[in-house]
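Beneath this line is the structure, given in structure tokens, with notes to follow.
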Amino acid sequence: MNTLLIRGGRPLYGELRCPGAKNSALPVLAASLLVPGETVIEGVPAIADVESSVRILRHLGAICTLRGNELSVDAGGEIAGAVPEELMREMRSSFIFLGALLSRTGRAEISAPGGCEIGQRPVDLHLYAIERLGAKITHEAGVIRCEAPSGLTGATLHLSFPSVGATENAMLAAVLAKGETNIENAAREPEISDLADFLNAMGADVRGAGGSSVRIRGVTRLRPTRHKIIPDRIAAATFLLAGAITGGSVRVTDLIPGHLGPVPELLERTGCRILTDETSVAVTAAKRPTSVGTVRTMPYPGFPTDIQAPFTAMLGLSKGTSVMIETIFESRYKYVAELTRFGAKIRTDARTAVIEGVDRYHPACAESPDLRGGAALVLAALAAAGESRVSGARLIDRGYEHIETTLGALGADIRRMD
Ligand code: EPZ
């Protein structure tokens, strides 16, 4: 079940609906702990990271019912303050429970999430934020204990980097704190705005989300609500790249095109044709993509680091040489060694990849090193005429719903092997 068998070399054609955003669903699920009642979250993607979050919520005492893409979370009962290490280790983003647990229970006991495939993933900015809000933090054998028995107090926070997770944890800790919190140099990703919309629908007072300064006035209580997760801009960009890399034409609907940032324009610059309306983006592939010079990953609204790997897979087939510079994570090129098995000519040095375009990829057997690197390998296999295998599919399942069914609906010959 962990290997995808892909017979590539055929263009993908068709239309698909954009799923709900993984990176919005995860903080929203954590935020559902803030209300002693039942919240209903629609548009939750059916992915492994959501299943991990539901396991954590249930362990903490919430009653969760998942019906397709709709999740109800009843956090009306007693909520525990500690997440065991084995649940924390299931995914990096389990650290997002910190702020919500502190606000709800006055304490949080979680293990340092540790590094992962794409970098060391420190949490110093998260801890800086909650310490500034008054939490007492102790470390013991890999467990981080945070205490705020008499609640948290608003403060001004200056993030040295616009960290998505630290911004989210600060928001979750501040919404029930006494007084006002200002988060300066906050992350501006659409998922931050979606979390703010969810919190405000529950009765919080969050202003300025989506900008670099977020102001939160603490309230005394929140009420249950219903919320629909925004579309997943990273999944959408991945599926558009599947159309582009296979010489096909793919349209993604139920999308917020503005959330794709510079990706559509970059695809146009490779020679693809892009059609955009209010809720969809369609790509028609170029005969052969051309290089776009240098691409640099940046915090939103710059080029998203989560699309670095899939985009590099496509640049590997372009005319000319391109340069990719990964400015967000320090080791997000592990997939490149696997991509060269398909015939890609890419040299990496720390955060820079020099991509010398080749005419075509040949089939290969490759191993996914991480979620987005795995997606890049699937794209390469779709472009390579013949039979390829991509193992480590469970890593891909962390962020993409039923990847073989989704791509199969576009004409891909892809199946999961036992
Ligand atoms: C979120 O991770 C996303 N995950 C990532 O998506 C995404 O790549 C990343 O934001 C950047 O957009 C979720 O939302 C669940 P960061 P996060 O804190 O919050 C440094 C995917 O594939 N940093 O913005 O962990 C950190 O080392 C995943 O869907 C600190 O130094 O990202 C990194 O270099 C991968 N100290 C940079 O900031 C901290 O305390 C960006 O990290 C926190 C972060």
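Note that ligands are numbered from 1 as they come in the structure, with each ligand's atoms numbered from 1 the same way.
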Under 4.0 Å, counting heavy atoms only: does Ile118 come that close to any atom of ligand 1?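 For ligand 1, residue contact (heavy atoms, under 4.0 Å) with Ile118 is present.
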For Arg296 and Thr327: C-alpha separation, side-chain torsions, deciding distance, then whether side-chain hydrogen bond (donor to acceptor under 3.5 Å, both in side chains) applies. CA-CA 7 Å; Arg296 187 178 270 104; Thr327 72; over 6 Å; no
Tell me the protein heavy atom at minimum distance from [atom], and give that distance in Å.
atom	answer
atom 29 (O) of ligand 1	Arg372 NH2, 2.8 Å
atom 37 (C) of ligand 1	Phe161 CE2, 3.6 Å
atom 36 (N) of ligand 1	Asp124 OD1, 2.7 Å
atom 6 (O) of ligand 1	Asp306 OD2, 3.0 Å
atom 34 (O) of ligand 1	Ile328 O, 2.5 Å
atom 16 (P) of ligand 1	Val164 N, 3.7 Å

Nearest atoms (heavy-atom pairs only) where [X] meets [Y]:
X	Y	value
Cys64	Leu71	CB-CD1, 4.1 Å
Arg121	Glu330	N-OE2, 4.5 Å
Arg188	Ser212	CD-OG, 3.4 Å
Ile47	Gly399	CG2-C, 3.7 Å
Val164	Ile192	O-CD1, 3.8 Å

Should Arg341 and Glu367 count as an ion pair when the cut-off is N to O under 4.0 Å?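 Result for this pair is no, no salt bridge flagged.
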Heavy atoms only: which of [options] is nearest to [atom]?
atom	options	answer
atom 42 (O) of ligand 1	Phe329, Tyr300, Tyr128	Phe329
atom 14 (O) of ligand 1	Ile192, Asp370, Asn23	Asn23
atom 43 (C) of ligand 1	Gly119, Ser160, Pro122	Pro122
atom 35 (C) of ligand 1	Glu330, Arg332, Glu326	Arg332

Thr305 and ligand 1 - part of the residue with a heavy-atom distance under 4.0 Å: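 Contact part for Thr305 vs ligand 1: side chain (C-beta onward).
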Show which atoms of ligand 1 fall inside a sub-4.0 Å distance from at least one heavy-atom site of Arg121.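 Taking each heavy atom of Arg121 in turn, ligand 1 has 2 (O), 17 (P), 25 (O) under 4.0 Å.
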Take atom NZ of Lys136 as the centre, draw a 6.0 Å sphere, and report whether it contains more than 12 heavy atoms from other residues, nucleotides or ligands.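 Atom NZ in Lys136 is not crowded, with 12 or fewer foreign heavy atoms closer than 6.0 Å.
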